[in-house]
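When a ligand or atom number is given, it counts from 1 through the structure's own listing order.
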Amino acid sequence: MQDRPASPRFQHAELDWDENGQPQSRRYGDVYFSRASGLAETEHVFLAQNALAQRFAALQPDQRLVIGETGFGTGLNFLCAWQLFERVADSRARLHFVSVEKHPLTRDDLARALALWPELQPLAGRLLEQYVAVHPGFQRFIFGQGRVVLTLLVGDVLETLPGLGATVDAWFLDGFAPAKNPEMWQPALFAELARLSAPGATLGTFTSAGFVRRGLIEAGFDMQRVPGFGHKREILRGRFVGAPGNDVKPWYARPAFVSPERRALVIGAGLAGCATAASLAARGWQVTLLERHAEAAREGSGNPQGVLYLKLSAHGTALSRLVVSGFGYTRRLLRHLQQGHDWQACGVLQIAYDDKERQRQAELAGAFPAALMHPLAREQAEALAGVALPEGGLFYPEAGWAHPPALCQWLLQQPGIELLRHHEALELQRDDGNWQAMAGERLLARAPVVVLTGAADAARFEHSAWLPLKRIRGQISCLPATPASAELRTVLCAKGYVAPPRDGSHTLGASFNFQQTDMAPSAAEHQSNLDMLEEISSDLYRRLQADPQQTAALQGRVAFRCTSPDYLPLIGPLADQERFAETYAALSKNTRQVPQAECPWLDGLYVNTAHGSRGMISAPLSGELLAGWLEGEPLPLPRDVAEACHPNRFLLRKLIRGG
Ligand SMILES: Cc1cc2nc3c(=O)[nH]c(=O)nc-3n(C[C@H](O)[C@H](O)[C@H](O)COP(=O)(O)OP(=O)(O)OC[C@H]3O[C@@H](n4cnc5c(N)ncnc54)[C@H](O)[C@@H]3O)c2cc1C
Ligand SMILES: C[S@@+](CC[C@H](N)C(=O)[O-])C[C@H]1O[C@@H](n2cnc3c(N)ncnc32)[C@H](O)[C@@H]1O
């Protein structure tokens, strides 16, 4: 798989505001919407040409409609579509809106632009509430408990759209006049629209440019000129009549299996299980969540404070892109928790503790927008942190810490989830189209779909035993805050991390122990956590008055991370290992040929695990990815990232490398 550069050229929109308070793009010299009436224009060009009022009204409960848009701009089209949907669609139908935006508005500009439409409040308010951590890549937003989902692709349309895995029912082809923005209106764009279109997908656009019309016809759209709005004489509308595009390898294609009922078992109630349950329930599924302990979040997800630590690469690796998308999603969810007690957007400072780290940070700072991270000299970092530091570092202002059990609890509040406590699944059997979770002779629960979210124990079942999962023991230490230590105002990270206090205690973490598996905190690992703290800040170490003689008496907690050989999670449908090897045996001789045989899926069996040491970042979004696979919805991540997280990658590697 190819890495891409992260996004050094990322820039927000630069706006000029005219005498009526309407925005215009300085870069493109064009308006965002008709000066006469943006609302009426949207209604005519996009809603009416796609017949959305009728199509929304015709949606059955649990059906959805997917709209794709080029140029999110101020979100006016999105809000108008959402408003219409609220007005006419069944209360159990869903709208999925995918939009691409190369230059997102800053939050302040967005607020100013949307204030122009009193009739769109409070929807605009709900968008603004969530408009945080909008960084390059795929960014997912959930509104109204999942009734409306927005997937914003931040980046150039020609670079991001090829990564989209979706089937689109209606297109809003926006994006500044072709004469002012010729780079966008390319045959490559029209080909992408065709690839992503459902049979009969419709399209509306404000332009009537001949080359756009011809390009769309060439790509497979039947195009019509229709009267325009305001001073525009004509606009275009279209319908996709071409052949559906399919460039997906069969082992990464969506399984053909459709569950006869929207009912699922999820096994394991940590962050991954709770997120999976919440994402499915938001789509109308009845979810039974099995947990062996008395409560959710008692193992890996049970620490008092988890840091939103972004392990990024300047080279746009799959992991790095997963992290930026996951961070945005988690960050938007956290606003539901009690700020100060269950999470804090206090920022995270990664200290440049040696030359290699300094070099890495310089590369990152050059590759990502300053709003996501920026370098701080030591004095600035100290002023911000409230304690003395050995070095400056890279500061992530929107990051911070959260209490993972609180996030799990919030996710479980989604209607449609039943948590069965003290239920440990020991075996899985398939019977009569249902998966049955058994504990010896006892049937715990059954459903046509099951998702394994038990961290490393996801591999305990016969069908999943091949999953290459590893457990790594980790220990945190909890240090009682002192008045002097409580002045710490941000999370500090170097080889370990320390957070500002929660409930009068700082979490200090975390050890990595590849050998041991016992659950009791050890004095040696408390000591290694304290050593890491001393390296982070000897000033903070003194303020905490930790007594090295008393490490054995420290409070702490042990849990296990679950990792995979490539450190990416495993999220998606499971295939039958043996039949996979038979079906694609030809690949072991010639990796270039792509056998078109259908993948031998285990119908209804899915996995979501291996979130390593960054589950706070990757697990919440993983629920959306899992639901995307199950429902055939637009995926919340680029296709190559979703494939890099697909369990089949390991079966494939085994076949190709022979081991
Ligand atoms: C010491 C330590 C510090 C960490 N610090 C951070 C941090 O600062 N930031 C961060 O982002 N991440 C951190 N992590 C990682 C993060 O905690 C994990 O990535 C995340 O919790 C994984 O969630 P999970 O749901 O996959 O697994 P878990 O939380 O372990 O959940 C799995 C659940 O499945 C249940 N289960 C398993 N098998 C069965 C079965 N057969 N039947 C019923 N129930 C079953 C278990 O009881 C458990 O509740 C840390 C991890 C550790 C260990
Ligand atoms: C006319 S505005 C869109 C108005 C918007 N639909 C609304 O409802 O406010 C055009 C948008 O397209 C974006 N855009 C222009 N060229 C692009 C490209 N190549 N890739 C992605 N977005 C682009 C611009 O930044 C701008 O926000």
I267 neighbourhood, listing ligand 1 atoms whose heavy-atom distance to it stays under 4.0 Å: 40 (C), 41 (N), 42 (N)

If you take the nearest heavy atom of each of G306, A269, A272, A402, which one is closest to atom 25 (O) of ligand 1? A272

I need the atoms of ligand 2 closer than 4.0 Å to a non-hydrogen atom of G175, numbered in the order shown. 10 (C), 12 (O)

To which of F72, Y28, Y32 does the heavy atom nearest atom 5 (C) of ligand 2 belong? F72

Are F97 and W82 close enough that their ring centers fall under 6.0 Å? no

Identity and separation of the nearest protein heavy atom to atom 13 (C) of ligand 1: S613 O, 3.4 Å

What protein heavy atom lies closest to atom 31 (O) of ligand 1? Include the residue and the distance to one decimal. G270 CA, 3.4 Å

Please indicate whether any nitrogen or oxygen in G300 is less than 3.5 Å from any nitrogen or oxygen in ligand 1. yes

Pull out every atom of ligand 1 sitting under 4.0 Å from any heavy atom of D457, numbered as shown with elements. 37 (C), 38 (N)

What is the nearest protein non-hydrogen atom to atom 39 (C) of ligand 1, stated with its residue, atom name and distance? R292 NH1, 3.8 Å

When you measure from atom 43 (C) of ligand 1 to each heavy atom in H293, H423, R471, which option holds the nearest one? H423

State whether the shortest distance between N or O atoms of I476 and N or O atoms of ligand 1 falls below 3.5 angstrom. no

Consider every N or O of F33 and every N or O of ligand 2, then say whether any pair is closer than 3.5 Å. no

Enumerated ligand 1 atoms positioned under 4.0 Å from heavy atoms of G474: 1 (C)

Look only at interatomic distance and state if N181 has a nitrogen or oxygen under 3.5 Å from any nitrogen or oxygen of ligand 2. yes

Take every heavy atom of R27, measure it against each atom of ligand 2, and state whether any distance is under 4.0 Å. no

Does at least one non-hydrogen atom of G155 fall below 4.0 angstrom from an atom of ligand 2? yes

Matching residue for F33 among W117, F229, F206 - test: ring-ring contact (aromatic ring centres under 6.0 Å, His included): W117

Taking N or O atoms only and a 3.5 Å limit, does F560 qualify as a polar contact for ligand 1? no

For V31, the ligand 2 atoms whose distance to one of its heavy atoms is below 4.0 Å: 1 (C)

Nearest neighbour in protein (non-hydrogen) for atom 51 (C) of ligand 1: R561 CG, 3.7 Å

Atoms of ligand 1 less than 4.0 Å from G268 heavy atoms? 33 (C), 34 (O), 35 (C), 36 (N), 44 (N), 45 (C)

Return the closest protein heavy atom for atom 48 (C) of ligand 1 as residue, atom name and distance. E291 OE1, 3.5 Å

Looking at F560, I'd like to know if the NZ or CZ of R471 sits under 6.0 Å from its six-membered ring centre while staying within 45 degrees of the ring's axis. yes

Taking the non-hydrogen atoms of L271, is any one of them nearer than 4.0 angstrom to ligand 1? yes

Is there a nitrogen or oxygen of R298 sitting under 3.5 Å from a nitrogen or oxygen of ligand 1? no

Could you tell me which atoms of ligand 1, counted from 1 in the order shown, lie closer than 4.0 angstrom to a heavy atom of R460? 40 (C), 41 (N)

Side chain or backbone, does Q475 bring an N or O within less than 3.5 Å of an N or O on ligand 1? no

Which ligand 2 atoms are under 4.0 Å away from a heavy-atom of F176? 1 (C), 2 (S), 10 (C), 24 (C), 26 (C)

Going by heavy-atom distance to atom 27 (O) of ligand 2, choose the closest among E101, Q24, Q11. E101

Is the closest N or O pair between V157 and ligand 2 shorter than 3.5 Å? yes

Contacting atoms of ligand 2, where contact means under 4.0 angstrom from a heavy atom of N77: 6 (N), 8 (O)

Quick test: of every protein heavy atom, which one is nearest to atom 32 (C) of ligand 1, and how far off is it to 0.1 Å? T453 O, 3.7 Å

So, 4.0 Å and heavy atoms of E183: is ligand 2 close enough to count as a contact? no

Quick check: does E424 get an N/O under 3.5 Å from an N/O on ligand 1? no

For atom 11 (O) of ligand 1, the protein heavy atom that lies nearest, with its residue and separation: M616 N, 2.9 Å

Any N or O of S301 that comes nearer than 3.5 Å to an N or O of ligand 1? yes

Say whether G615, considering both its backbone and side-chain N or O atoms, lies within less than 3.5 Å of an N or O atom on ligand 1. yes

Ring geometry between F172 and F46 (parallel below 30°, tilted from 30 to 60°, perpendicular above 60°): tilted

Among Y497, F461, Y309, which one has a heavy atom closest to atom 6 (C) of ligand 1? Y497

Parallel, tilted or perpendicular: which describes the rings of H463 and W435, with under 30° parallel and over 60° perpendicular? perpendicular

Is there a polar contact between ligand 1 and A297, counting only N or O atoms under 3.5 Å apart? no

Would you mind finding which of A619, A275, A425 brings a heavy atom closest to atom 41 (N) of ligand 1? A425

Which atoms from ligand 1 have a heavy atom of N303 less than 4.0 Å away? 1 (C), 2 (C), 3 (C), 4 (C), 52 (C)

Tell me the protein heavy atom at minimum distance from atom 15 (C) of ligand 1, and give that distance in Å. G612 O, 3.2 Å

Between F512 and R561, is there a cation-pi geometry (under 6.0 Å to ring centre, at most 45° from the normal)? yes

Would A13 count as a contact residue for ligand 2, given that I'm defining contact as a non-hydrogen atom of the residue lying under 4.0 Å from a ligand atom? no

Between E424 and R460, is there a side-chain N and carboxylate O pair less than 4.0 Å apart? yes

